[in-house]
There are 2 protein chains.
Amino acid sequence: MAPEPGTRSPRATVYTVAERAGVSVATVSRVLQEPHRVKEATRARVLVAIDELDYVPHGAARSLAYHRHEAHGLVLPELSGPYYSELLMGYESVAAAAGYSVVLLLSEGKDDVGAALRRLAGKVDGIVIMGAADVPERTLTALRARVPVLGLTRNDRADLESFATENRSSAEELTRHLLDHGRRRLVFVGSPDLAIDVRERYEGFVAAHDGRPVAPPLPADLRETEGGRVADLVLSGEVEADALMCANDELALAVMDRLVDRGLDVPSDIAVVGWDDVMTARYVRPGLTTVAQPVRDLGARAAARMHDLIVGSTGDPDQHTLPTTVVIRQSCGCPPAGTEAQHTAADTKE
Amino acid sequence: MAPEPGTRSPRATVYTVAERAGVSVATVSRVLQEPHRVKEATRARVLVAIDELDYVPHGAARSLAYHRHEAHGLVLPELSGPYYSELLMGYESVAAAAGYSVVLLLSEGKDDVGAALRRLAGKVDGIVIMGAADVPERTLTALRARVPVLGLTRNDRADLESFATENRSSAEELTRHLLDHGRRRLVFVGSPDLAIDVRERYEGFVAAHDGRPVAPPLPADLRETEGGRVADLVLSGEVEADALMCANDELALAVMDRLVDRGLDVPSDIAVVGWDDVMTARYVRPGLTTVAQPVRDLGARAAARMHDLIVGSTGDPDQHTLPTTVVIRQSCGCPPAGTEAQHTAADTKE
DNA sequence: CACACAAATGTATGCGCATACATTTTGGTC
DNA sequence: GACCAAAATGTATGCGCATACATTTGTGTG
């Protein structure tokens, strides 16, 4: 049936199918678009022809005539860590349920993101961008002239509708938790100007101090490799702290790893908390106290909203914010709960 | 310039641009396709018009005329864990470098994968499927009648070209390593009939025994949630073992977690090893001995090969196998190496 | 300055489908 | 059986682009 892999026979078209079924191309098309409008017997003949010819409609031709690509463009920086994957899974499931495909574009490391974005804009009905802040205004304008655009994570462009997770109040809650443990020399690890999210977390951190003096943030990228450096600053006494609030889990885990390795005890000597609730957070000892974000849901909602925009339903643009959850484990100083308890947040498998 | 977000002006086309630049549509098209064939001055005028109108070519129209979608279809079961993400990143980077998009389809949980696959086949120039084994022969035939198809991970269809990582010999190597540690009651955890990869790992496991009696595999899904159950079988004595070779890291980590939680010491009481080298593997104590796969490279190579198939370069179909690496940490019984040593495999960030 | 030839640009067509509109068939009804 | 509306099907067109082919413009030579 697939005679010579490589010797692909000329692909079937509506014409081929129509001829074989003894009908017109319109009927073939209708069998696929509005089956109920075709008489049972005719429909059956057409379906047989389609099956026999292995007919698959040409997407581009359909898009051109139908005035829709039936595809979403999703732009993410990259895919390391569970964060983006979850987001993507949430997004894809909603898009696919509506019969739309997802065209993925990873922006990090690309030399000409602008060109890639424009090309993308010509192939999809709408674009959701994480990190729209990094896209030149000019490019964004061109994109928006063609398709609706949504942002992921908060951004400065007031006119760009976006979806993000809550940062400030959760950060404040987590910080207060550390203060309640009697910690007094809290240090925020991560550069607030790296991303709006980080800045907001830092703002919550500051807010929780209720006017008490706050140590300046300890600048660091949000990557595993920064952990050693940060930990060494603490170990050498260069940075004084009895609790580290890291901007994400990767950083927190790496810091904690090094601290423990060098003989410190977490949390008795120093508490460490993170942000994201990655899988590792519940496997390390002590379990990492952190903040869980409804990432999958974030993706799903963005997809749903984009679909609305594509099909034309209005609804006013908005800056959507999804709530997060503080996940208490032991790295903050809390005693181990029941064995299973620390796995509470594990329902989103990773 | 984007006046009313929502009041999108009628999109520019080649005609609009041509008119504005005072040239014919052919010239506009040529400016984009073969710039060198257009006189400098004319080209500049056209480019200005394009810029002023925020013109972005209509992908479907281009695809239709150009006889190519300039897109790859990539089908993965899902995206949890670093495995698929890495693969996807490797794939995307190569595809994007060639100016092609990647249309992602996640098969797990979809009720009608067949329909989704067919739709995909109409929108891309080639499809790479992980888990092609689960696709009905009939569907696969239809796909292959339209576009080239590649498999990821080994599969039974001899006629389907595919890319996979090596399993058998690494499994054998890892097993011998456990035997060298003096372990004698090794048990393989995971159902060999779950996937060809698992089967091959089990075969390597068996081969390493050199004819000595081998315990039957302990059936289990390759998921975190199975860990508790498996560990309990060991703890209750129902399964006797001094070393567990788990089919993947998720399983291994969950098993180890429970064992340690119940008071056993890993590795002195029992050794545990996994497969995949996920991030957590190097953060847990003891560090998890496992097998690292060149996943990113796997994706990149598959993309490169698919691109060749799309542009028509032949080269005989082949079953490509990429080598894996045993990563020794402490869960197998080895002493901790230099602090940094256990992080050796960490260069692929996660 | 006439000519040949190359470079630059324009004209016309088809890619494969969806669909508005035209035509034919069907099923009732009196 | 004649007539009419509704159902079923067919015909013709355009979506926006790339490109083969036709035409015009430019360059160099004798």
Side-chain angles (χ1 to χ4, degrees), chain A residues 10-47 49-50 53-71 99 118-119 121-125 145-147, chain B residues 10-47 49-50 53-71 99 118-119 121-125 145-147:
Chain A
R11 316 190 209 297
T13 72
V14 269
Y15 296 99
T16 327
V17 175
E19 189 179 7
R20 179 154 194 146
V23 299
S24 75
V25 292
T27 301
V28 174
S29 182
R30 271 191 290 259
V31 165
L32 266 43
Q33 306 309 320
E34 332 168 81
H36 63 278
R37 289 196 40 191
V38 177
K39 200 206 299 175
E40 171 66 35
T42 316
R43 194 193 318 158
R45 282 198 347 261
V46 172
L47 288 175
I50 286 180
L53 293 171
D54 283 332
Y55 169 67
V56 173
H58 191 288
R62 171 171 166 80
S63 299
L64 193 58
Y66 185 60
H67 299 288
R68 206 160 273 173
H69 295 94
E70 302 180 291
R118 281 161 192 266
R119 236 182 299 135
K123 295 178 147 188
V124 301
D125 303 308
R146 200 173 224 311
V147 295
Chain B
R11 316 189 208 298
T13 70
V14 268
Y15 297 99
T16 327
V17 175
E19 189 178 7
R20 180 153 192 147
V23 299
S24 75
V25 293
T27 300
V28 174
S29 182
R30 271 191 290 258
V31 166
L32 268 42
Q33 306 309 320
E34 330 168 81
H36 63 279
R37 289 197 39 190
V38 177
K39 201 206 299 175
E40 172 66 34
T42 317
R43 195 194 314 159
R45 286 202 340 264
V46 171
L47 288 175
I50 287 179
L53 292 171
D54 284 331
Y55 170 67
V56 173
H58 191 290
R62 171 171 165 80
S63 299
L64 193 57
Y66 185 59
H67 299 288
R68 205 160 273 176
H69 295 94
E70 303 180 291
R118 280 161 192 266
R119 235 183 300 135
K123 296 177 145 189
V124 300
D125 304 308
R146 201 172 222 315
V147 295

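Every chain is numbered from 1 and lettered A, B, ... according to where its sequence line falls, protein lines coming before strand lines.
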TODO: Would you kindly check whether a donor in the side chain of A:Arg30 faces an acceptor in the base of D:dG10, or vice versa, at under 3.5 angstrom?
DONE: yes

- [ ] Let me know the distance between NE2 of B:His36 and C1' of C:dA7, rounded to the nearest Å.
- [x] 11 Å

Task: Sugar-phosphate only, base, or nothing, as touched by A:Val28 at under 4.0 Å among non-hydrogen atoms - done: nothing

TODO: Measure the distance from CZ on A:Arg68 to C1' on C:dG16 and round it to the nearest whole Å.
DONE: 19 Å

Task: Side chain proximity check, B:Val23 to B:Val38, heavy atoms < 4.5 angstrom - done: no

Open item on the list: Using modelled atom types and a 3.5 Å cut-off, is there a donor and acceptor pairing between side-chain atoms of A:Ser63 and backbone atoms of A:Gly59?
Closed with: yes

Open item on the list: I want to confirm an ordering. Mapping B:Val25 and A:Val25 to their closest nucleotides on DNA chain D, which one lands closer to the 5' end?
Closed with: A:Val25

Task: Side chain to side chain, B:Lys123 and A:Glu70, heavy atoms closer than 4.5 Å - done: yes

Task: Any side-chain heavy-atom pair of A:Arg11 and A:His58 under 4.5 Å - done: no

TODO: Among the candidates D:dG10, D:dA8, D:dA18, find the nucleotide nearest to the side-chain atoms of A:Lys39.
DONE: D:dA8

TODO: For D:dG10, take OP1 and OP2 only and decide whether either is under 4.0 Å from a side-chain N or O of A:Ser24.
DONE: yes

Task: Any side-chain heavy-atom pair of B:Val28 and B:Tyr15 under 4.5 Å - done: no

TODO: Rounded off to whole Å, could you give me the CZ-to-C1' distance for the A:Arg43 and D:dA7 pair?
DONE: 13 Å

Task: Spacing of B:His69 atom NE2 relative to D:dC17 atom C1', expressed in whole Å - done: 14 Å

Task: Gap between atoms CD and P, on A:Glu40 and C:dG27 respectively (whole Å) - done: 14 Å

Open item on the list: Both A:Tyr66 and B:Arg37 contact DNA chain C. Taking the nearest nucleotide for each, which residue is further toward the 5' end?
Closed with: B:Arg37

- [ ] Could you check which of C:dC17, D:dG16, D:dT9 has an atom nearest any side-chain atom of A:Ala65?
- [x] C:dC17

- [ ] Using whole Å, report how far CZ of B:Arg45 lies from P of C:dA8.
- [x] 14 Å

TODO: With rounding to the nearest 0.5 Å, note down the distance linking CG in B:Leu47 to OG1 in B:Thr42.
DONE: 10.5 Å

Open item on the list: Check the phosphate of D:dG16 against B:Thr13, side-chain N and O only, distance under 4.0 Å to OP1 or OP2. Yes or no?
Closed with: no

Task: Candidates D:dT11, C:dA18, C:dG16 - which lies nearest the side chain of A:Ser29 - done: C:dA18

- [ ] For B:Ala61 and for B:Glu34, locate the closest nucleotide of DNA chain D by heavy-atom distance; then report the residue assigned to the nucleotide nearer the 5' terminus.
- [x] B:Ala61

Open item on the list: Does B:Val23 reach a base, just sugar-phosphate, or nothing at all? Heavy atoms under 4.0 Å.
Closed with: sugar-phosphate

TODO: Would you kindly give the CD1-to-P distance between A:Ile50 and C:dG16, to the nearest whole Å?
DONE: 16 Å

Open item on the list: If the cut-off is 4.0 Å, is A:Thr42 near the phosphate of D:dT9, judged by side-chain N/O to OP1 or OP2?
Closed with: yes

TODO: Output yes when at least one side-chain N/O atom of B:Thr27 is less than 4.0 Å from OP1 or OP2 of C:dA8, else no.
DONE: no

Open item on the list: Which nucleotide wins on minimum distance to the side chain of B:Arg62, given the candidates C:dT11, C:dC17, D:dC17?
Closed with: D:dC17

Open item on the list: For C:dC17 and A:Tyr55 - does any side-chain N or O of the residue sit under 4.0 Å from the phosphate oxygens OP1/OP2?
Closed with: yes

Task: Interatomic distance, A:Gln33 CD vs C:dG16 P [rounded to whole Å] - done: 17 Å

